[in-house]
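Chain A is the first sequence line, chain B the second, and so forth, proteins listed ahead of strands; every chain is numbered from 1.
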Number of protein chains: 2
Amino acid sequence: MSIQAVAKKAGVSVATVSRAFNFPDKVTPATRMLVEQVARELGYLPNASARTLRTQRSRVLGVVLPTLLNPTFAECLHGIASAAHAAGYAILPLTTAYEIAQEEEAVGRLIAANVDGMILVVSNPGTSAALARLQAGHGPYVLAYNRHPGHPCVSVDSEAASAEVVQRLVALGHRRIAMVSGTLAASDRAQQRYRGYLKGMAAAGLKAPPLLEVPFVETAVDAVSRHLRQRDRPTALFCSNDLLAIRSIRAAAQAGLQVPRDLAVVGFDGIALGEDLTPMLSTVAQPNSEIGARSVELLVQALASGQRLAPSSGLLLPHAFRAGESCGPVSSRKAD
Amino acid sequence: MSIQAVAKKAGVSVATVSRAFNFPDKVTPATRMLVEQVARELGYLPNASARTLRTQRSRVLGVVLPTLLNPTFAECLHGIASAAHAAGYAILPLTTAYEIAQEEEAVGRLIAANVDGMILVVSNPGTSAALARLQAGHGPYVLAYNRHPGHPCVSVDSEAASAEVVQRLVALGHRRIAMVSGTLAASDRAQQRYRGYLKGMAAAGLKAPPLLEVPFVETAVDAVSRHLRQRDRPTALFCSNDLLAIRSIRAAAQAGLQVPRDLAVVGFDGIALGEDLTPMLSTVAQPNSEIGARSVELLVQALASGQRLAPSSGLLLPHAFRAGESCGPVSSRKAD
DNA sequence: CTGTTAGCGCTTTCAA
DNA sequence: TTGAAAGCGCTAACAG
């Protein structure tokens with residue numbers, strides 16, 4: 001079904017059909033209705049590739065995410081998809097499995113696909129070759145979750161949020177507060193969260209035990225559980241993300257500890273599922289869906305004005321500590 | 001960066017550049033290397049829209065899913081994305097929020113986007129206008145999770161799996177086994193699972209209590225909890241999906257019951273997160289990622305052979321009961 | 001208000 | 001082995 005067929009059947013020119021679709025008020029109502037009628041009969045749908053080729057805009061936004069298996073990013077993509085749809089854009093999502101090489105490849109594929117703009121979550125904005133390439137041209141882009149002065153970013157203040165978590169745990173009587181994280185090098189978020197933790201500990205005059213860095217999710221439960229069997233085990237665990245927090249709760253059970261009675265566990269991310277768990281997960285809730293939606297809005301705005309996005313146009317969205325049942329006061333058994 | 005620029009700089013024709021990329025052995029090695037060199041220098045990437053317009057294939061697969069907020073579908077999309085990438089395809093995912101009207105709209109958008117094929121999860125294959133449209137033309141498609149004799153489907157045998165769950169619960173001593181489901185009308189899966197449950201109950205000579213249909217997720221916990229406070233409350237709950245199972249565990253706690261001691265809870269879907277929960281979720285594990293991957297494979301195969309997919313080419317993948325800690329024998333307190 | 005036409009970047013005959 | 005040229009479906013001057 002092409003515009004030609006519609007034109008012929010309606011007895012008008014292709015230009016008129018095109019106008020009827022794109023600028024309905026540039027044709028007489030009679031013509032417009034005729035064209036619409038014929039188009040409907042023929043089941044005509046404008047060919048997106050032809051339109052893109054001609055106009056040099058695809059109305060597609062590229063999205064680069066680490067993975068969809070972490071609900072954080074699935075929620076974010078949900079927000080992106082909704083906002084994009086509302087603004088008349090489709091999305092082309094690519095995942096990187098946290099691998100730098102895949103970030104670069106993804107950007108290349110998106111450029112080739114003529115996306116109008118990109119939203120990306122990268123490992124490390126400071127050293128990303130993919131970003132360097134984007135800065136060289138190829139339309140506007142925004143980083144989500146990342147934070148870096150050289151790029152427009154939509155995120156929360158992870159560092160402050162983490163320090164705040166420590167402060168809350170201290171207020172609950174905890175002194176031995178350990179942090180559990182995935183590979184620090186794998187993401188700037190992990191680094192920011194750890195930095196915030198250290199800051200919080202220092203502010204409370206506490207000595208931070210060594211970071212429990214868990215390289216592989218498969219072994220997370222065992223690693224944490226082993227850690228919890230030590231003498232002078234922590235009474236509270238601050239986990240770098242909700243998935244780790246969930247596994248830490250499991251690790252606690254495995255070590256014979258009950259959450260929150262024997263161990264307080266706090267996560268980071270605010271995945272929706274956390275609210276349905278028993279015990280309900282305590283976490284730093286990020287507006288995941290909104291992070292995605294706002295990123296789209298920035299992009300759409302930039303697209304409309306023909307500008308690229310300045311680093312200063314980024315957004316720092318509010319986070320909120322979600323007090324769940326996985327976090328309670330230190331018990332007398334644990335206090336020393 | 002167009003093919004023209006590369007041709008000019010390399011001192012060859014555009015046809016040669018095109019061949020160097022698409023049929024490397026149709027040009028002399030020297031020419032090929034020259035072209036590749038120049039292309040690299042210029043950062044040339046073939047324009048996907050132009051290629052699509054010319055060849056009438058986009059190398060994009062459309063995906064229609066209910067939502068990304070249910071990890072089941074996020075996992076499936078993960079499988080789709082991986083398999084598609086491996087086969088040289090990109091994906092264009094659209095979500096419908098379980099709304100029929102959105103299914104139709106999505107299919108329209110995908111057709112306009114020139115996708116080469118589609119993978120969809122619909123509410124009800126039997127009555128779907130979107131599917132009727134696909135059957136009329138527009139390339140091959142596969143349904144995932146759905147099951148219907150008139151369409152190629154990749155799924156598990158939900159009915160048998162559900163009957164099997166009942167059988168296991170009965171073997172554990174349970175007699176009062178209730179089923180919790182979302183709106184039955186919203187999906188054929190829910191209907192199949194309920195049918196399997198009824199079958200299983202009948203096979204065990206048990207009377208099935210009325211289905212506990214929970215229309216809104218927001219009220220699920222309250223509804224189930226209220227149900228659990230009744231006299232002659234069930235000793236086991238079979239939930240139509242894992243998200244409901246997780247909420248049911250919460251509902252149990254709210255009703256003062258401990259899982260699995262006072263109540264056995266079994267889900268359906270096999271989301272990865274279930275294995276990390278405490279208690280670990282008992283569930284019917286579907287190979288979610290594989291369902292996506294196999295759907296892609298069918299599509300790619302059909303695309304290669306230029307055939308559309310026959311309903312009989314669908315796949316019934318094996319499910320597995322994943323015995324978690326949320327399900328145990330009926331306790332003496334509960335047995336009557 | 002409507003029609004004619006060039007051309008977006010690419011692939012693919014057809015000829016050389 | 002390589003080049004010239006047509007044309008995929010559409011939009012946007014430009015002309016009428």
Side-chain angles (χ1 to χ4, degrees), chain A residues 1-36 38-39 42-60 88 90 108-116 138-139, chain B residues 1-36 38-39 42-60 88 90 108-116 138-139:
Chain A
M1 256 304 67
S2 79
I3 205 175
Q4 303 277 356
V6 179
K8 192 196 286 187
K9 177 144 189 221
V12 298
S13 72
V14 291
T16 298
V17 177
S18 176
R19 285 190 203 102
F21 272 81
N22 299 303
F23 309 96
D25 30 312
K26 297 204 99 187
V27 298
T28 37
T31 324
R32 177 164 52 75
M33 290 177 63
L34 170 65
V35 170
E36 279 169 0
V38 172
L42 263 40
Y44 167 74
L45 290 174
N47 181 311
S49 303
R51 181 179 273 175
T52 296
L53 182 57
R54 173 65 228 228
T55 61
Q56 306 288 17
R57 4 186 357 234
S58 59
R59 294 207 151 270
V60 173
R109 291 177 67 194
L110 292 178
I111 292 173
N114 297 307
V115 298
D116 289 342
H138 297 296
Chain B
M1 256 303 69
S2 81
I3 204 175
Q4 303 277 356
V6 179
K8 190 196 289 185
K9 177 143 188 222
V12 297
S13 73
V14 293
T16 298
V17 177
S18 176
R19 286 192 201 98
F21 272 81
N22 299 304
F23 310 96
D25 31 312
K26 298 204 97 186
V27 297
T28 40
T31 325
R32 178 164 51 75
M33 292 176 62
L34 170 66
V35 170
E36 279 169 358
V38 172
L42 262 42
Y44 167 74
L45 290 174
N47 180 312
S49 303
R51 180 179 275 176
T52 296
L53 181 57
R54 172 64 227 227
T55 61
Q56 307 289 17
R57 356 184 6 231
S58 59
R59 294 207 152 268
V60 173
R109 291 177 67 194
L110 293 178
I111 292 173
N114 297 307
V115 298
D116 289 343
H138 297 296

With a 3.5 Å cut-off and sequence neighbours excluded, list the donor-acceptor pairs that the side chains of residues 14-25 of chain B form with protein atoms.
| unit_1 | atom_1 | unit_2 | atom_2 | d |
| --- | --- | --- | --- | --- |
| B:Thr16 | OG1 | B:Ser13 | OG | 3.3 |
| B:Ser18 | OG | B:Asn22 | ND2 | 3.3 |
| B:Asn22 | OD1 | B:Arg51 | NH2 | 3.4 |
| B:Asn22 | ND2 | B:Ser18 | O | 3.0 |

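Atom OG in B:Ser49 sits 14.0 Å away from atom CZ in A:Arg54 (nearest 0.5 Å).
In the displayed structure, B:Met1 atom CE is contacted under 6.0 Å by more than 12 heavy atoms of other residues, nucleotides or ligands.
Of all the heavy atoms in B:Ala10 and B:Val38, the pair that sits closest is CB-CG2, 3.9 Å. Taking each heavy atom of B:Thr31 and B:Val12 in turn, the nearest pair found is CG2-CG1, 4.2 Å. Contact between A:Ala48 and B:Ala113 at its shortest, heavy atoms only, is CB-CA, 3.9 Å. Heavy-atom minimum distance, B:Tyr44 versus B:Ile3: CE1-N, 3.5 Å.
Two end axes, each from the C1' atoms of five base pairs, can be drawn for the helix from C:dC1-D:dG16 to C:dA16-D:dT1; they diverge by 40°, to 10 degrees.
Of all nucleotides in DNA chain C having an atom under 4.0 Å from a heavy atom of chain B, the first and last in 5' to 3' order are C:dG9 to C:dT13. The footprint of chain B on DNA chain D, defined by a heavy-atom cutoff below 4.0 Å, extends from D:dT1 to D:dG9.
The salt bridge (charged side-chain N to carboxylate O under 4.0 Å, His left out) analysis of residues 3-16 of chain B, with sequence neighbours excluded, yields the pairs B:Lys9-B:Glu41.
Qualifying side-chain contact (heavy atoms from CB on, under 4.5 Å) partners for B:Ser58, counting only residues two or more places apart in sequence or in other chains: B:Thr52, B:Val60, B:Asn114, B:Asp116. In this view, B:Ile111 and A:Leu45, B:Val107, B:Met118, B:Arg133, B:His138 satisfy the side-chain contact (heavy atoms from CB on, under 4.5 Å) rule, not counting sequence neighbours. Listed by chain and residue number, nothing satisfies the side chain to side chain donor-acceptor pair (under 3.5 Å) test with B:Arg59 (two or more places apart in sequence, or in another chain). With sequence neighbours excluded, no residue forms a side chain to side chain donor-acceptor pair (under 3.5 Å) with B:Ser2.
Residue whose closest nucleotide on DNA chain D sits further toward the 5' end, between B:Gln56 and B:Val12: B:Val12.
Of the residues in residues 48-55 of chain A, those placing a heavy atom less than 4.0 Å from an atom of DNA chain C are A:Leu53, A:Arg54, in numerical order. Within residues 13-22 of chain A, the residues approaching DNA chain D are A:Ala15, A:Ser18, A:Arg19, A:Asn22, by heavy-atom distance under 4.0 Å.
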